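Just so we're clear, the structure is a prediction, and the values are computed from it rather than from any experiment. Heads up: numbering here begins at 1 and tracks the sequence.
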Amino acid sequence: MHIFGGTVAQAASRITDPEFIRECADRFRAIHGRSPGDDEVQSWENSWPPLLRLLSAAELNELHLLLEYELPGTSQRVDGLLLGRRPQAESLVAVVVELKQWQHAAPHHAGTGMLKVGKREVLHPARQVGGYVNYLNEWVPPELHLDVEGLAYLHEAPPDLIDALRRLQGSGPSAAYSILGPDDVDPDTPAHLLAERLHCQDLRPAAPQRVTEFLEARHRPSPKLLAKVADVIGGHETFRLIGEQDKARQRIDSAIRAARQGHRGHLVVVTGGPGTGKTAIATRILGDLCQDPGANPRLLSPTGTLSQQLGRAVGESARGLIATLTTRQPGGLDKATSVVLLDEAHRARTGLGYRRADFPDLLTKLMADCAVLVLFLDEGQIVRPGEGTTLNELRLMAGQNKYTFAHIDLPTQFRCSGSRPYLDWVDALLSPEARPPRWSGDDYDLALVENPAQLEEWVADHIRHGRSARITAGYCWRWDSPDVPPLLPDVSIPWKDASGAHLWERPWNSRADKIVAGDGVPGRAFWATDEGGQHQIGCIYTAQGMEYDYSAVILGKDLTWTAQGWQAQPGESHDPAMKHLTAEQYLRYALNIYRVLATRGTRGTRLYSTDPATQAFLRTVLPGPTGNESH
């Protein structure tokens, strides 16, 4: 998909017309279901005119140009893509053009692949171009005979910045992609030299039919890509399966074999609580499928946190194979061969607002587009209105549509030190009546703390000893911080002890989508795993699906204890999704939210409530801090 497609000459003739930008914004809205941001529109207005002046000066007017071309199956967009052909050659040539308005950029401590631009931490433009080129090489059908090249054009960059970026390229893979600045495309430069610097020398207009074939091609992973991902997953210890997990894998394999024999329409549901290995199974199955050069699998998750973490673990090559699923279908699926693995199906948008018939639109469409759909589900982790499905609903869906149906339950969990007593205790605590026994287990480190400073010291002590530890909280404080540092201390808790009154303030995790948000602060998807995350407070949306050694949980005033049991206070929640709920409606979500937060720690958990009555109740069922929790 793209927001403009036509010749360079057609775009150049309209670029000064304000109506052109408005039409592109309308097309963006129609494609993406949202309006482009002001920054996006401003970047079009700033970057498209110099690009079109350059292409016109290089006498490339008849080449086909796509602006804001979205790589199918991903959320990534290429600023500009030129399509043409070379004389006497069968191949279609695609030239990726990344546009930057940068005037300044600084090296990043993470290495030559990252830069700092103002407060943002970004990829080196040559590395970004290389990712787009690799995707097109690995996903476009080979019968199109596509040759892909790429470059970055920094139309406002001074010479010293261009020189610095080129030095950072070194002799690695990124060195294959040109970095151009204003001095490289001086108006006095002959047209043939400009075309050469744009990797467009000798390019001729492609036949309209070839352009149409490119735009309509069903993107699917190449055998080379599948082999690469299979090799990485196969050697990754995280994705080893044991016991019931391996039995689940074999049951899923049975449905896949049946589909390959022509018996299509299989729905498989894998259920299990926290830490039972649902994600490991999904990733392992993806690796198995990638061993077949003719496979066309996808591993999807409704949460960007999990899909980004998995993508990093498996490697950049997995882009498109592992993706975030919202309300849009992944591209390139086919009914004959595609197996779709939907992890964290309880977070999928399947509620009443997302269905026009008896069953969720998202799942109905996925089933229509693939041979086997496998969902990994924990109904106890449905934490938001409009999300979640149930085992019974999926069984009915299969029956009405004459799909084969299989259900696999995972009874054994490997998180929380494998402590079944702890998970049972959490379930008893976070039931509406809350009748847990006093905790006396010795196979899991669980206690109550009396103030947030004790929570922080407990976490810091574990970090000092080389373990992972994080603090999470209910969404009971405003979230006013910008996406990038400096973050604001939004989580603010007053408390008292014998020495007087105190105020404890810390920021929420960053909302930035990058791996690093800036100044040592990880992006939201990497808050749970990367250095610096211990200094911010995680919420349900960044913690769900993740784990760490030690978990500190702050219960806010959205869930309080009374003599009648738990009471929900939706007015205390700052989550916009919860504001319209009644107390009765919100109770289910609040209990699930804190159940998820309380089951992230593999070795130990500390609880603390900001509500005095709730804190008093927790003292009756939990021991206090021992003073040497980390030893």
Side-chain angles (χ1 to χ4, degrees), residues 28 32-44 46-47 68 70 74-77 79 98-110 113-125 127-128 131 301-309 311-312 319 323-324 326 347 384 470-492 505-546 573-578:
F28 183 100
H32 299 287
R34 66 173 179 87
S35 296
D38 292 341
D39 289 345
E40 288 177 290
V41 173
Q42 188 175 34
S43 73
W44 302 344
N46 291 343
S47 294
E68 292 289 308
E70 184 177 275
T74 80
S75 59
Q76 307 254 335
R77 300 196 303 273
D79 291 334
E98 176 64 21
L99 300 170
K100 299 293 185 191
Q101 304 173 63
W102 301 350
Q103 296 179 356
H104 307 280
H108 191 283
H109 63 81
M114 293 287 292
L115 299 166
K116 295 190 71 171
V117 178
K119 294 181 178 180
R120 295 182 300 138
E121 305 198 3
V122 298
L123 284 175
H124 188 291
R127 189 178 181 93
Q128 188 174 354
S301 172
T303 67
T305 296
L306 187 58
S307 58
Q308 289 183 65
Q309 285 278 357
R312 184 170 68 170
R319 182 189 302 179
T324 303
T326 53
R347 291 295 316 279
R384 197 173 192 177
R470 292 294 184 269
I471 304 176
T472 57
Y475 204 158
C476 296
W477 291 266
R478 291 174 59 88
W479 199 322
D480 293 329
S481 276
D483 291 355
V484 297
L487 304 179
L488 302 177
D490 289 327
V491 180
S492 179
E505 295 184 313
R506 296 296 180 270
W508 288 111
N509 60 261
S510 168
R511 290 182 289 195
D513 283 325
K514 302 291 184 182
I515 293 176
V516 181
D519 295 335
V521 177
R524 59 182 172 186
F526 304 96
W527 161 86
T529 54
D530 289 16
E531 174 61 31
Q534 68 270 27
H535 302 306
Q536 299 96 47
I537 310 304
C539 71
I540 182 62
Y541 304 121
T542 44
Q544 192 165 25
M546 305 308 299
S573 173
H574 287 268
D575 189 337
M578 307 299 186

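With Tyr541 as the aromatic partner, Arg384 meets the cation-pi criteria of under 6.0 angstrom to the ring centre and within 45 degrees of the ring axis.
Side chain of Gln309 to main chain of Ser307: no donor-acceptor pair is present (N/O by atom type, distance under 3.5 Å, no hydrogens or angles).
Closest heavy-atom contact between Pro482 and Leu488: CD-CG, 4.3 Å. Contact detail for Thr303 and Arg347: the closest heavy-atom pair is CG2-NH1, 3.4 Å. Across all their heavy atoms, Arg470 and Thr529 have their closest contact at NH2-C, 3.9 Å. Across Glu505 and Ser492, no two heavy atoms sit closer than the pair OE2-OG, 3.1 Å. Between Ala517 and Ser510, the shortest heavy-atom contact is CB-OG, 3.2 Å.
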What do the steps show when you test Arg511 against Trp479 for side chain to side chain contact (heavy atoms under 4.5 Å, CB included), and what is the final call? CA-CA 10 Å; Arg511 290 182 289 195; Trp479 199 322; 3.6 Å; yes
Show the numbers, then the answer: is there a side chain to side chain contact (heavy atoms under 4.5 Å, CB included) between Asp480 and His574? CA-CA 11 Å; Asp480 293 329; His574 287 268; over 6 Å; no
Mind running side chain to side chain contact (heavy atoms under 4.5 Å, CB included) on Trp527 and Trp508 for me, showing each step along the way? CA-CA 10 Å; Trp527 161 86; Trp508 288 111; over 6 Å; no
Can you list the steps and then say if Leu115 with Leu123 is a side chain to side chain contact (heavy atoms under 4.5 Å, CB included)? CA-CA 6 Å; Leu115 299 166; Leu123 284 175; over 6 Å; no
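No salt bridge links Arg478 with Asp490; every basic N to acidic carboxylate O contact stays at or beyond 4.0 Å. Using a 4.0 Å cut-off between a side-chain N of Lys or Arg and a carboxylate O of Asp or Glu, Arg127 and Glu98 do not qualify as a salt bridge. Residues Arg77 and Glu68 are paired through a salt bridge, judged by an N-O separation under 4.0 Å between the basic side chain and the carboxylate.
Judged purely by distance below 3.5 Å, without hydrogens or angles, the side chains of Gln536 and Arg506 never pair a donor atom with an acceptor atom.
Here the side chains of Val491 and Cys476 are not in contact, with every heavy-atom distance at 4.5 Å or above. Using a 4.5 Å heavy-atom cutoff, the side chains of Met578 and Tyr475 are not in contact.
Taken to the nearest 0.5 Å, the CD1 atom of Ile537 stands 11.5 Å off from the CG atom of Leu487. Atom OG of residue Ser43 and atom CD of residue Gln101 lie 6.0 Å apart, to the nearest 0.5 angstrom. Expressed to the nearest 0.5 Å, how far CG of Asn46 lies from CG of Leu99 amounts to 11.0 Å. Atom CZ of Phe526 sits about 5.0 Å away from atom CD of Gln308, to the nearest 0.5 Å. Distance check: Trp477 CH2 to Cys539 SG gives 12.0 Å after rounding to the nearest 0.5 Å. For the atom pair CG (Asp79) and NZ (Lys100), the distance works out to 7.0 Å, reported to the nearest 0.5 Å.
With Arg524 as the partner, the side-chain hydrogen bond (donor to acceptor under 3.5 Å, both in side chains) test is satisfied by one option alone out of Asp483, Thr305, Asp513: Asp513.
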